[in-house]
Visitor: 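A single structure is presented below for examination.
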Amino acid sequence: MSVKIECLCIIGLGLIGGSLAAALRSKNPELKLIAIDRDSETLRSAKSSGLIDEGYSSVTELSDIPQVAVVAVPVSAMRSVFVAIKPWFQHCLAITDVGSTKQSVLNDLASVLSPEQSGCFVPGHPIAGREQSGLAAALSDLFQGRRVILTPTEKTRSKSTAIVSQLWQQAGAEVEELSPRDHDEILAATSHLPHALAFSLVRCLTQKHDGEEIFRYAAGGFADFSRIASSDPALWSGICLANQDALLRAINLFEVQLGELKLNLEKADGDALEAMFHVAKMARDQYPG
Ligand code: NAP
(Lines give C-alpha, C1' and ligand atoms only; values in the text may rest on other atoms or scores of the structure.)
Protein backbone atom coordinates (compact mmCIF):
# COMPACT_ATOMS: atom_id res chain seq x y z
CA MET A 1 0.00 0.00 0.00
CA SER A 2 1.42 3.40 -0.96
CA VAL A 3 -0.11 6.58 0.49
CA LYS A 4 0.84 9.96 -0.93
CA ILE A 5 1.94 12.18 1.95
CA GLU A 6 1.91 15.88 1.12
CA CYS A 7 2.83 17.43 4.45
CA LEU A 8 5.13 16.22 7.21
CA CYS A 9 6.08 17.94 10.44
CA ILE A 10 9.33 17.22 12.31
CA ILE A 11 9.41 18.24 15.96
CA GLY A 12 13.03 18.77 17.06
CA LEU A 13 15.32 19.74 14.18
CA GLY A 14 18.54 18.30 15.62
CA LEU A 15 20.85 15.57 14.32
CA ILE A 16 18.15 12.96 13.67
CA GLY A 17 15.26 15.30 12.79
CA GLY A 18 17.53 17.39 10.53
CA SER A 19 18.99 14.30 8.82
CA LEU A 20 15.49 12.97 8.12
CA ALA A 21 14.46 16.35 6.69
CA ALA A 22 17.58 16.40 4.47
CA ALA A 23 17.03 12.83 3.25
CA LEU A 24 13.36 13.45 2.44
CA ARG A 25 14.11 16.80 0.81
CA SER A 26 16.54 15.14 -1.61
CA LYS A 27 14.42 12.02 -2.30
CA ASN A 28 10.96 13.62 -2.30
CA PRO A 29 11.27 17.36 -3.11
CA GLU A 30 7.49 17.76 -3.46
CA LEU A 31 6.86 16.89 0.20
CA LYS A 32 6.05 19.98 2.27
CA LEU A 33 8.33 19.93 5.31
CA ILE A 34 7.42 21.80 8.46
CA ALA A 35 9.69 21.92 11.51
CA ILE A 36 9.05 22.85 15.10
CA ASP A 37 12.13 23.71 17.12
CA ARG A 38 12.61 25.93 20.15
CA ASP A 39 15.76 27.48 18.63
CA SER A 40 14.77 30.29 16.22
CA GLU A 41 18.30 30.40 14.73
CA THR A 42 18.03 26.70 13.77
CA LEU A 43 14.68 27.39 12.06
CA ARG A 44 16.01 30.46 10.27
CA SER A 45 19.04 28.61 8.89
CA ALA A 46 16.95 25.54 7.89
CA LYS A 47 14.49 27.75 6.05
CA SER A 48 17.09 29.89 4.30
CA SER A 49 18.98 26.77 3.09
CA GLY A 50 15.73 25.33 1.69
CA LEU A 51 15.79 22.34 4.07
CA ILE A 52 12.29 23.12 5.35
CA ASP A 53 9.32 25.05 3.96
CA GLU A 54 8.01 26.41 7.26
CA GLY A 55 9.42 26.62 10.77
CA TYR A 56 7.71 27.38 14.08
CA SER A 57 9.02 27.66 17.60
CA SER A 58 5.89 26.16 19.15
CA VAL A 59 3.17 23.64 18.25
CA THR A 60 0.50 26.24 18.96
CA GLU A 61 1.75 28.44 16.07
CA LEU A 62 0.71 25.87 13.44
CA SER A 63 -2.61 26.72 11.79
CA ASP A 64 -3.22 23.22 10.34
CA ILE A 65 -2.51 19.82 11.83
CA PRO A 66 0.00 17.97 9.57
CA GLN A 67 -0.81 14.62 7.93
CA VAL A 68 2.24 12.98 9.51
CA ALA A 69 4.44 14.03 12.44
CA VAL A 70 7.89 12.81 13.57
CA VAL A 71 8.90 13.51 17.16
CA ALA A 72 12.72 13.82 17.19
CA VAL A 73 13.46 15.17 20.67
CA PRO A 74 15.43 13.48 23.50
CA VAL A 75 13.52 10.64 25.20
CA SER A 76 13.38 12.74 28.38
CA ALA A 77 11.35 15.36 26.44
CA MET A 78 8.90 12.99 24.69
CA ARG A 79 6.11 13.33 27.24
CA SER A 80 6.03 17.13 27.10
CA VAL A 81 5.76 16.96 23.30
CA PHE A 82 2.94 14.38 23.49
CA VAL A 83 1.05 16.74 25.82
CA ALA A 84 1.56 19.63 23.38
CA ILE A 85 0.36 17.64 20.33
CA LYS A 86 -2.42 15.71 22.08
CA PRO A 87 -5.16 16.97 19.69
CA TRP A 88 -3.11 15.81 16.68
CA PHE A 89 -3.66 12.14 17.56
CA GLN A 90 -7.31 12.43 16.45
CA HIS A 91 -6.38 13.83 13.02
CA CYS A 92 -2.93 12.67 11.89
CA LEU A 93 -2.57 9.69 9.55
CA ALA A 94 0.56 8.73 11.49
CA ILE A 95 2.72 10.06 14.31
CA THR A 96 6.07 8.45 15.00
CA ASP A 97 9.15 9.09 17.13
CA VAL A 98 12.87 8.37 16.77
CA GLY A 99 13.70 7.79 20.45
CA SER A 100 16.45 5.34 21.38
CA THR A 101 14.18 3.54 23.88
CA LYS A 102 10.74 2.27 23.06
CA GLN A 103 8.95 1.12 26.23
CA SER A 104 9.61 4.47 27.96
CA VAL A 105 8.14 6.34 24.98
CA LEU A 106 5.04 4.13 25.04
CA ASN A 107 4.72 4.67 28.81
CA ASP A 108 5.00 8.44 28.28
CA LEU A 109 2.29 8.32 25.62
CA ALA A 110 0.05 6.13 27.81
CA SER A 111 0.26 8.77 30.55
CA VAL A 112 -1.23 11.31 28.11
CA LEU A 113 -3.67 9.26 25.97
CA SER A 114 -5.38 5.86 26.15
CA PRO A 115 -4.13 3.16 23.71
CA GLU A 116 -7.46 3.50 21.82
CA GLN A 117 -6.82 7.23 21.29
CA SER A 118 -3.26 6.73 20.09
CA GLY A 119 -3.74 4.19 17.27
CA CYS A 120 -1.91 6.43 14.79
CA PHE A 121 1.27 6.30 16.88
CA VAL A 122 4.05 4.10 15.48
CA PRO A 123 7.08 3.90 17.79
CA GLY A 124 10.33 3.99 15.79
CA HIS A 125 14.10 4.07 16.18
CA PRO A 126 16.63 4.61 13.40
CA ILE A 127 19.77 2.57 14.10
CA ALA A 128 22.02 5.30 12.80
CA GLY A 129 23.63 8.22 14.52
CA ARG A 130 26.71 10.22 15.27
CA GLU A 131 28.39 11.55 18.38
CA GLN A 132 27.71 15.14 17.28
CA SER A 133 24.36 16.78 18.00
CA GLY A 134 22.24 19.49 16.46
CA LEU A 135 21.21 20.48 12.94
CA ALA A 136 24.80 21.36 11.95
CA ALA A 137 25.72 17.67 12.30
CA ALA A 138 22.78 16.43 10.16
CA LEU A 139 23.58 14.35 7.06
CA SER A 140 21.22 13.60 4.17
CA ASP A 141 22.63 10.05 3.86
CA LEU A 142 22.67 9.21 7.59
CA PHE A 143 19.95 6.55 7.15
CA GLN A 144 21.09 5.21 3.76
CA GLY A 145 21.25 1.40 4.02
CA ARG A 146 20.71 1.55 7.80
CA ARG A 147 17.98 -0.19 9.79
CA VAL A 148 14.99 1.48 11.33
CA ILE A 149 13.14 -0.55 13.96
CA LEU A 150 9.41 0.01 14.37
CA THR A 151 7.72 -1.39 17.47
CA PRO A 152 3.96 -1.17 16.76
CA THR A 153 1.63 -2.43 19.48
CA GLU A 154 -1.68 -4.29 19.02
CA LYS A 155 -3.48 -0.93 19.06
CA THR A 156 -1.30 0.62 16.33
CA ARG A 157 -3.21 1.02 13.06
CA SER A 158 -1.59 -1.00 10.26
CA LYS A 159 -2.17 1.91 7.86
CA SER A 160 -0.11 4.19 10.13
CA THR A 161 2.69 1.61 10.32
CA ALA A 162 2.70 1.36 6.51
CA ILE A 163 2.99 5.16 6.19
CA VAL A 164 5.92 5.36 8.61
CA SER A 165 7.66 2.41 6.88
CA GLN A 166 7.24 4.15 3.55
CA LEU A 167 8.73 7.35 4.97
CA TRP A 168 11.89 5.63 6.24
CA GLN A 169 12.27 3.66 3.02
CA GLN A 170 12.17 6.97 1.14
CA ALA A 171 14.98 8.15 3.42
CA GLY A 172 17.02 5.13 2.31
CA ALA A 173 16.53 2.89 5.35
CA GLU A 174 15.50 -0.75 5.73
CA VAL A 175 12.56 -1.16 8.06
CA GLU A 176 12.13 -4.01 10.56
CA GLU A 177 9.67 -4.65 13.35
CA LEU A 178 10.35 -5.81 16.90
CA SER A 179 8.37 -5.79 20.12
CA PRO A 180 9.19 -2.78 22.35
CA ARG A 181 10.62 -5.18 24.96
CA ASP A 182 12.91 -6.98 22.49
CA HIS A 183 14.03 -3.64 21.08
CA ASP A 184 14.98 -2.33 24.52
CA GLU A 185 16.83 -5.55 25.51
CA ILE A 186 18.82 -5.64 22.26
CA LEU A 187 19.64 -1.93 22.21
CA ALA A 188 20.66 -2.02 25.89
CA ALA A 189 23.36 -4.53 24.92
CA THR A 190 24.40 -3.16 21.52
CA SER A 191 24.14 0.61 22.03
CA HIS A 192 23.37 1.76 25.57
CA LEU A 193 26.01 -0.47 27.27
CA PRO A 194 28.78 0.53 24.80
CA HIS A 195 27.99 4.21 25.35
CA ALA A 196 27.96 3.77 29.14
CA LEU A 197 31.29 1.87 28.95
CA ALA A 198 32.92 4.46 26.67
CA PHE A 199 31.91 7.29 29.02
CA SER A 200 33.22 5.24 31.98
CA LEU A 201 36.53 4.32 30.31
CA VAL A 202 37.36 7.89 29.34
CA ARG A 203 36.34 9.16 32.77
CA CYS A 204 38.46 6.47 34.41
CA LEU A 205 41.53 7.41 32.35
CA THR A 206 41.17 11.13 32.94
CA GLN A 207 40.89 10.57 36.70
CA LYS A 208 43.92 8.28 36.82
CA HIS A 209 46.21 10.35 34.61
CA ASP A 210 46.60 13.91 33.47
CA GLY A 211 43.90 14.15 30.78
CA GLU A 212 45.90 15.91 28.07
CA GLU A 213 48.97 13.74 28.61
CA ILE A 214 47.10 10.46 28.18
CA PHE A 215 45.27 11.56 25.01
CA ARG A 216 48.64 12.46 23.42
CA TYR A 217 49.66 8.79 23.57
CA ALA A 218 46.26 7.33 22.74
CA ALA A 219 46.48 4.84 19.88
CA GLY A 220 43.88 3.66 17.36
CA GLY A 221 42.19 1.25 19.77
CA PHE A 222 41.49 4.00 22.25
CA ALA A 223 40.22 6.31 19.50
CA ASP A 224 37.85 3.60 18.17
CA PHE A 225 36.55 2.63 21.57
CA SER A 226 36.23 6.12 23.03
CA ARG A 227 34.71 7.99 20.04
CA ILE A 228 31.15 7.61 21.33
CA ALA A 229 32.17 9.19 24.66
CA SER A 230 31.96 12.50 22.74
CA SER A 231 28.16 12.01 22.52
CA ASP A 232 25.80 14.42 24.28
CA PRO A 233 25.90 13.62 28.04
CA ALA A 234 22.35 14.89 28.68
CA LEU A 235 20.88 12.89 25.79
CA TRP A 236 22.66 9.69 26.86
CA SER A 237 21.99 9.95 30.59
CA GLY A 238 18.31 10.26 29.62
CA ILE A 239 18.54 7.17 27.38
CA CYS A 240 20.27 5.13 30.12
CA LEU A 241 17.62 6.08 32.67
CA ALA A 242 14.77 5.42 30.23
CA ASN A 243 16.10 1.86 29.68
CA GLN A 244 17.29 1.37 33.27
CA ASP A 245 16.25 -2.27 33.84
CA ALA A 246 17.54 -3.65 30.53
CA LEU A 247 20.78 -1.68 30.85
CA LEU A 248 21.33 -2.97 34.38
CA ARG A 249 20.89 -6.53 33.08
CA ALA A 250 23.45 -5.85 30.32
CA ILE A 251 25.88 -4.34 32.85
CA ASN A 252 25.52 -7.44 35.07
CA LEU A 253 26.40 -9.72 32.14
CA PHE A 254 29.36 -7.52 31.29
CA GLU A 255 30.57 -7.61 34.90
CA VAL A 256 30.67 -11.41 34.71
CA GLN A 257 32.89 -11.18 31.60
CA LEU A 258 35.13 -8.58 33.22
CA GLY A 259 35.39 -10.74 36.35
CA GLU A 260 36.48 -13.74 34.24
CA LEU A 261 39.04 -11.59 32.41
CA LYS A 262 40.43 -10.28 35.71
CA LEU A 263 40.68 -13.78 37.18
CA ASN A 264 42.52 -15.15 34.15
CA LEU A 265 44.88 -12.19 34.25
CA GLU A 266 45.56 -12.69 37.98
CA LYS A 267 46.30 -16.38 37.30
CA ALA A 268 48.47 -15.35 34.31
CA ASP A 269 46.44 -17.92 32.31
CA GLY A 270 47.35 -16.97 28.73
CA ASP A 271 45.42 -19.86 27.18
CA ALA A 272 42.20 -18.86 28.93
CA LEU A 273 42.68 -15.21 27.96
CA GLU A 274 43.34 -16.16 24.35
CA ALA A 275 40.26 -18.41 24.32
CA MET A 276 38.12 -15.54 25.63
CA PHE A 277 39.47 -13.13 22.99
CA HIS A 278 39.07 -15.79 20.28
CA VAL A 279 35.33 -16.16 20.95
CA ALA A 280 34.96 -12.38 20.68
CA LYS A 281 37.04 -12.14 17.49
CA MET A 282 35.05 -14.92 15.79
CA ALA A 283 31.79 -13.13 16.62
CA ARG A 284 33.09 -9.69 15.58
CA ASP A 285 34.49 -11.02 12.28
CA GLN A 286 30.99 -12.14 11.27
CA TYR A 287 29.75 -8.56 11.54
CA PRO A 288 30.26 -6.51 8.37
CA GLY A 289 30.35 -3.01 9.98
P1 NAP B 1 19.82 16.57 19.08
O2 NAP B 1 20.71 16.71 17.91
O3 NAP B 1 20.23 17.20 20.37
O4 NAP B 1 18.37 17.12 18.68
C5 NAP B 1 17.32 17.12 19.61
C6 NAP B 1 16.30 18.17 19.22
O7 NAP B 1 15.25 18.17 20.20
C8 NAP B 1 16.87 19.59 19.18
O9 NAP B 1 16.22 20.30 18.16
C10 NAP B 1 16.49 20.12 20.56
O11 NAP B 1 16.37 21.53 20.63
C12 NAP B 1 15.13 19.49 20.75
N13 NAP B 1 14.78 19.42 22.18
C14 NAP B 1 15.60 19.08 23.19
N15 NAP B 1 14.92 19.12 24.36
C16 NAP B 1 13.67 19.51 24.06
C17 NAP B 1 12.52 19.76 24.84
N18 NAP B 1 12.53 19.59 26.18
N19 NAP B 1 11.39 20.15 24.19
C20 NAP B 1 11.39 20.32 22.85
N21 NAP B 1 12.46 20.12 22.05
C22 NAP B 1 13.58 19.71 22.66
O23 NAP B 1 19.55 15.03 19.43
P24 NAP B 1 19.44 13.81 18.43
O25 NAP B 1 20.72 13.06 18.45
O26 NAP B 1 18.85 14.27 17.13
O27 NAP B 1 18.38 12.91 19.22
C28 NAP B 1 16.99 13.04 19.01
C29 NAP B 1 16.32 11.72 19.29
O30 NAP B 1 16.89 10.72 18.41
C31 NAP B 1 16.52 11.19 20.70
O32 NAP B 1 15.31 10.68 21.19
C33 NAP B 1 17.57 10.10 20.56
O34 NAP B 1 17.38 9.10 21.53
C35 NAP B 1 17.27 9.59 19.16
N36 NAP B 1 18.40 8.99 18.45
C37 NAP B 1 19.64 9.55 18.55
C38 NAP B 1 20.70 8.96 17.87
C39 NAP B 1 22.09 9.54 17.95
O40 NAP B 1 23.06 8.88 17.55
N41 NAP B 1 22.25 10.76 18.41
C42 NAP B 1 20.48 7.81 17.08
C43 NAP B 1 19.19 7.29 16.97
C44 NAP B 1 18.15 7.89 17.68
P45 NAP B 1 17.57 22.37 21.28
O46 NAP B 1 18.64 22.38 20.24
O47 NAP B 1 16.95 23.69 21.52
O48 NAP B 1 17.98 21.68 22.54
Side-chain angles (χ1 to χ4, degrees), residues 1-5 8 10 12-31 33 35 46 49-52 68-75 94 96-102 105 122-152 160-180 182-195 198 220 223-225 227-228 230-232 235-236 239 243 281-289:
M1 181 190 63
S2 179
V3 180
K4 187 157 167 50
I5 302 301
L8 178 121
I10 296 175
L13 203 59
L15 169 69
I16 300 295
S19 297
L20 181 60
L24 293 173
R25 181 99 297 177
S26 73
K27 302 273 174 59
N28 183 2
E30 286 169 19
L31 178 69
L33 283 173
S49 69
L51 179 67
I52 58 168
V68 176
V70 181
V71 185
V73 302
V75 287
T96 187
D97 77 302
V98 299
S100 300
T101 58
K102 295 284 46 93
V105 170
V122 185
H125 177 204
I127 310 300
R130 309 181 71 192
E131 59 277 18
Q132 292 97 334
S133 297
L135 180 62
L139 299 171
S140 62
D141 62 355
L142 187 68
F143 309 114
Q144 191 62 46
R146 306 304 295 266
R147 284 199 177 85
V148 170
I149 300 174
L150 303 182
T151 65
S160 301
T161 305
I163 289 170
V164 174
S165 293
Q166 186 186 308
L167 189 78
W168 282 113
Q169 282 160 4
Q170 266 183 10
E174 290 168 22
V175 177
E176 287 185 20
E177 289 186 20
L178 281 176
S179 71
D182 285 351
H183 168 279
D184 286 0
E185 284 296 323
I186 292 167
L187 269 293
T190 56
S191 171
H192 310 163
L193 178 66
H195 277 82
D224 287 348
F225 191 81
R227 179 180 53 80
I228 53 177
S230 285
S231 303
D232 182 352
L235 184 82
W236 279 94
I239 291 169
N243 202 17
K281 177 181 162 49
M282 295 299 283
R284 183 61 178 82
D285 286 351
Q286 306 284 316
Y287 170 66

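Remember, it's a predicted structure, so these values are computed and weren't measured experimentally.
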Visitor: Between G18 and L135, what is the shortest heavy-atom contact and its length?
Guide: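 Distance-wise, the nearest heavy atoms are CA-CD1, 3.7 Å.
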
Visitor: Hey, which of I127, N243, I239 is the one that makes side chain to side chain contact (heavy atoms under 4.5 Å, CB included) with S100?
Guide: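 Only match with S100 under side chain to side chain contact (heavy atoms under 4.5 Å, CB included): I239.
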
Visitor: Can you measure from CD (E185) to OG (S179) and round to the nearest 0.5 angstrom?
Guide: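 Going from CD on E185 over to OG on S179, the span is 9.5 Å.
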
Visitor: Go through it in stages, so that I can follow the logic: the residues are V75 and V105, the test is side chain to side chain contact (heavy atoms under 4.5 Å, CB included), and I'd like the CA-CA distance, side-chain angles, deciding distance and then a yes or no.
Guide: CA-CA 7 Å; V75 287; V105 170; 4.3 Å; yes

Visitor: Indicate the ring-plane relationship of F143 and W168, choosing parallel, tilted or perpendicular according to the 30° and 60° boundaries.
Guide: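 F143 vs W168 ring planes: perpendicular.
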
Visitor: Measure from the side-chain N and O atoms of R147 to the backbone N and O of E176, and report whether any donor-acceptor pair falls under 3.5 Å.
Guide: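 It does not hold such a pair.
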
Visitor: Does atom NZ of K281 have more than 12 heavy-atom neighbours, drawn from other residues, nucleotides or ligands, at distances under 6.0 Å?
Guide: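 Result for NZ/K281: open.
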
Visitor: Work out which heavy atom in K102 is nearest to a heavy atom in D184; give both atom names and the distance.
Guide: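 Of all heavy-atom pairs spanning K102 and D184, the closest is N-OD1, 2.9 Å.
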
Visitor: Is the side chain of S19 donor-acceptor paired with the backbone N or O of L139 at a distance under 3.5 Å, no angle test?
Guide: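 Judged by distance alone, yes, a pair lies under 3.5 Å.
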
Visitor: List in chain and number order the residues that pass side chain to side chain contact (heavy atoms under 4.5 Å, CB included) with E30, two or more places apart in sequence or in another chain; answer none if no residue qualifies.
Guide: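 For E30, the residues satisfying side chain to side chain contact (heavy atoms under 4.5 Å, CB included) (neighbours in sequence not counted) are K4, N28.
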
Visitor: Going from CD on Q170 to NZ on K27, what distance comes out if it is rounded to the nearest 0.5 angstrom?
Guide: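 With rounding to 0.5 Å, CD (Q170) is 9.0 Å from NZ (K27).
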
Visitor: Rounded at 0.5 Å granularity, tell me how far CG in L187 sits from NE2 in H125.
Guide: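 Rounded to the nearest 0.5 Å, the CG-NE2 separation comes out at 5.0 Å.
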
